[in-house]
Peer 1: 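There's a structure below that I have some questions on.
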Amino acid sequence: MVKEFYADEHNYHLTLNELIKLRLGAKFKCRKCGAEYDFDIPELIAKHGGETRLRFIQRNAKCRYCD
């Protein structure tokens, strides 16, 4: 699996709840197929919980189109 994750490096320590509160987002870009999309933060909160850190999402992100 080849993946790339975009967010400001200093934001990786933030929780998903903090991203919502600060009105920040995160973007995913797949190097394999070229798909690029913004993460749906409320959907991630429903799946992983609001206290999940962005670093966890970054480490475990998979392309929704080719993975």
Peer 1: So how far is it from I57 CD1 to L44 CG, rounded to the nearest 0.5 Å?
Peer 2: 4.5 Å
Peer 1: If I take atom OG1 from residue T52 and atom CD1 from residue I41, how far apart are they, to the nearest 0.5 angstrom?
Peer 2: 11.0 Å
Peer 1: Applying side-chain hydrogen bond (donor to acceptor under 3.5 Å, both in side chains), can you list everything that pairs with N17, at least two apart in sequence or on another chain?
Peer 2: E51
Peer 1: Any side-chain to backbone donor/acceptor pair from R55 onto H13? Under 3.5 Å, distance only.
Peer 2: no
Peer 1: Return the minimal non-hydrogen interatomic distance between A26 and L54, and the atom names on each side.
Peer 2: CB-CD1, 4.1 Å
Peer 1: How long is the span from the CZ atom in F39 to the CG atom in L16, to the nearest 0.5 Å?
Peer 2: 10.0 Å
Peer 1: Can you tell me how far the CZ atom of F56 sits from the OG1 atom of T15, to the nearest 0.5 Å?
Peer 2: 14.0 Å
Peer 1: Y37: what forms a ring-ring contact (aromatic ring centres under 6.0 Å, His included) with it, not counting sequence neighbours?
Peer 2: F28, Y65
Peer 1: Please examine the side chains of Q58 and R53, heavy atoms only from C-beta on, and report whether any two atoms are closer than 4.5 Å.
Peer 2: no
